[in-house]
2 protein chains.
Amino acid sequence: MGDPEPPRAAGRDAAGTRSALVRAARRRFATEGYRGATVRTIAADAGVNVALINRYFGSKEGLFEACLRRSVDQLDPQGRTAPGDLDRVVTRVVGHLADLPNADDPLQLLLLLRSSGDERADAIRRRMLEHHTEQFARVAGWQPDDPATAPLLLRAQVALGSVLGLVMLRTAIGVQPISSASADELVATLGPLLRTLLAP
Amino acid sequence: MGDPEPPRAAGRDAAGTRSALVRAARRRFATEGYRGATVRTIAADAGVNVALINRYFGSKEGLFEACLRRSVDQLDPQGRTAPGDLDRVVTRVVGHLADLPNADDPLQLLLLLRSSGDERADAIRRRMLEHHTEQFARVAGWQPDDPATAPLLLRAQVALGSVLGLVMLRTAIGVQPISSASADELVATLGPLLRTLLAP
DNA sequence: CGTCCAAGTAAACAACTGCTGACTTGAGTC
DNA sequence: GACTCAAGTCAGCAGTTGTTTACTTGGACG
């Protein structure tokens, strides 16, 4: 069950410790949920003393927030997706779904479905999901200042919700047949769906 | 936070107590997850002594399994959906999504996304999700003994996953705009999606 | 070398978790 | 009315949880 990090580089490196904790926490939070993950296992995974969680993040809740914020920074690393990028978005999304073993990204998506029960963290989570919705909507031609394109937001969110549901089924639950479906099969099934929803 | 049941009928009614516990537990498990829900709050919601959970269900885990099994019995109460019922299925599914306040059903679907960490309960959950997948697939023309129709299973599961993802976004997370979307809007957006996936 | 301070450690606390065992209460039967 | 047994109560145990506190270690600087 334990899946400890490879031995960390130096003995004394605050920044390294912080990031090791966040990396371990994201894995645990995403796979076992907020309550299911314990500070002790997270610290053990990171190869670090438990007390450092409180030292660096104030509380377990603070660590969870840090995980969410790191997701914010990682997604859409630079620039916004532009309208007309439909094919690129589709292949990227399906790629995330298909390559789950090596990629770190499915965990990132799963994290968005976990609740800590704390209202502030949940607000961050909602904001991130709405941000993703807007990114999808932009592909479909949505423009923030054009009310006529507002309905595209709902369509984009349905697309996002579909992807999240599939990540859940395939990665976290492991239900058949989707868990053992190939990338090609996923493209063939999910692709048209996304195209229909996001077509301008 | 506490949302206790209305006062139960009689003082001594084992069957009534059992069902009150299951009803309260389903709400808590679905909304707060397995670890987040505590036996004490569940018992309090049901207006019942904590020890009765262990008496009637052996353990918290046993109560969780009972919740899953009750879902099995409730869904598809009689008869299987037949091919060609596409319209009926679509309106029923969307209805579940739209009427969430009064209906008890969204909780049932959410429950399928919660994990207790116990392998036996997770197996039940997987089996139920696969059962739902087959029900969907049947509508699309899938037949268990005809290998040529096997690909329909994956399409049906994508449909199911989409619905589950949307329930999560709308009911559990409360993200906008889908949380305040009307039934008509949902039909207009989700309907074509399901029709595309499940069309024969 | 001695000083200083951040980085890291160890041990314990208080609260909460699921669960148990001995007990009391109620209703039906003779 | 006494007996019986299931239904329900109560108090507490043993383990785990997040967190804190006092302590030790390591390296940079004078």
Side-chain angles (χ1 to χ4, degrees), chain A residues 1-2 4-5 7-25 28-29 31-67 114-121, chain B residues 1-2 4-5 7-25 28-29 31-67 114-121:
Chain A
M1 181 68 59
E5 296 268 318
R8 298 198 301 115
R12 305 211 140 200
D13 174 12
T17 299
R18 284 181 61 106
S19 97
L21 277 173
V22 169
R23 232 172 320 131
R28 290 286 180 179
F29 284 144
T31 56
E32 307 179 8
Y34 179 77
R35 312 250 177 171
T38 75
V39 289
R40 278 175 234 268
T41 63
I42 290 172
D45 287 355
V48 145
N49 191 284
V50 204
L52 296 181
I53 288 181
N54 299 93
R55 173 192 272 274
Y56 290 131
F57 301 97
S59 65
K60 181 188 186 183
E61 186 64 44
L63 175 58
F64 184 66
E65 278 194 36
C67 292
R114 305 298 192 179
S115 168
S116 71
D118 178 79
E119 188 44 49
R120 205 168 73 239
Chain B
M1 181 73 54
E5 296 268 317
R8 298 200 302 114
R12 304 211 141 202
D13 174 12
T17 299
R18 284 182 62 107
S19 97
L21 277 173
V22 169
R23 233 172 320 133
R28 290 285 179 181
F29 284 144
T31 56
E32 307 179 9
Y34 179 77
R35 312 248 179 175
T38 75
V39 289
R40 280 177 233 266
T41 63
I42 291 172
D45 287 356
V48 147
N49 192 283
V50 203
L52 296 181
I53 288 180
N54 299 94
R55 172 190 274 273
Y56 289 131
F57 302 97
S59 65
K60 181 188 185 184
E61 187 63 44
L63 176 58
F64 184 67
E65 279 195 35
C67 291
R114 305 298 192 179
S115 169
S116 72
D118 177 78
E119 189 44 48
R120 205 168 73 239

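Chain letters run A, B, ... following the sequence lines, proteins first, then strands; residues in each count from 1. Since the model is a prediction, treat every value here as computed from it, not as a measurement.
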*asked:* I need the CG-P distance between Asn49(B) and dG18(C), as an integer number of Å.
replied: 14 Å

_Side chain of Val39(A) only, heavy atoms from C-beta on: which candidate in dT9(C), dT19(D), dG26(C) is closest?_
dT19(D)

*State whether the distance check finds a donor on one side and an acceptor on the other, under 3.5 Å, for side chain Arg40(A) versus base dT16(D).*
no

*In terms of side-chain heavy atoms of Arg12(B), which of dG8(D), dG8(C), dT19(D) is nearest?*
dG8(D)

*What is the minimum heavy-atom distance between Ala121(A) and Glu61(A), and which atoms define it?*
CB-OE2, 3.1 Å

*Starting at atom OH of Tyr56(B), determine the distance to atom P of dA6(D), rounded to an integer number of angstrom.*
11 Å

*Does the side chain of Asp45(B) come within less than 4.5 Å of Ile42(B)'s, by heavy atoms?*
no

*From SG (Cys67(A)) to CZ (Arg114(A)), nearest 0.5 Å*: 13.0 Å

*Can you say whether the rings of Tyr34(B) and Phe29(B) are parallel (under 30°), tilted (30 to 60°) or perpendicular (over 60°)?*
parallel

*Please answer whether the main-chain N or O of Asn54(A) pairs with a side-chain N or O of Lys60(A) as donor and acceptor at a distance below 3.5 Å.*
no

*asked:* Applying a 4.0 Å non-hydrogen cut-off, can you work out what Ala43(B) is touching in the nucleic acid: base, sugar-phosphate, or nothing?
replied: nothing

*Is the shortest side-chain N/O distance from Thr17(A) to OP1 or OP2 of dA7(C) below 4.0 Å?*
no

*Taking five pairs at each end of the helix from dC1(C)-dG30(D) to dC30(C)-dG1(D), what angle separates the two helix axes (nearest 10°)?*
10°

_Is there a side-chain contact between Asn54(B) and the phosphate of dC19(C), meaning an N or O under 4.0 Å from OP1 or OP2?_
yes

*Using whole Å, report how far CD1 of Ile42(B) lies from P of dC16(C).*
17 Å

_Under 4.0 Å, heavy atoms only, any strand: does Phe57(B) hit a base, just the sugar-phosphate, or nothing?_
nothing

*asked:* Any base atoms under 4.0 Å from Ala37(B), or only sugar-phosphate, or nothing? Heavy atoms, all strands.
replied: sugar-phosphate

*asked:* Nearest whole Å is fine: how far is dA6(C) P from Arg18(A) CZ?
replied: 15 Å

*How would you list, by chain and number, every residue that makes a ring pair (Phe, Tyr, Trp, His ring centres under 6.0 Å) with Phe57(A), sequence neighbours excluded?*
none

*At their closest point, which heavy atom of Arg28(B) faces which heavy atom of Ala37(B), and how far apart are they?*
CB-CB, 3.8 Å

*Starting from P on dG21(C), measure out to CD1 on Ile53(B) and report it in whole angstrom.*
17 Å

*More 5' along DNA chain C: Leu52(A) or Lys60(B), using each one's nearest nucleotide?*
Leu52(A)

_In whole Å, I'd like the distance from the CG atom of Asp13(B) to the C1' atom of dG8(D)._
12 Å

*Find the distance Arg28(A):CZ to dT17(D):P and express it as a whole number of Å.*
11 Å

*Looking only at atom types and distance, does a side-chain atom of Arg18(A) sit under 3.5 Å from a main-chain N or O of Tyr56(A), one as donor and one as acceptor?*
yes

*Take the protein atom CG of Leu21(A) and the nucleotide atom C1' of dA7(C), then report the distance between them rounded to whole Å.*
13 Å

*Between Thr38(B) and Arg55(B), which is nearer to the 5' end of DNA chain C once each is assigned its nearest nucleotide?*
Thr38(B)

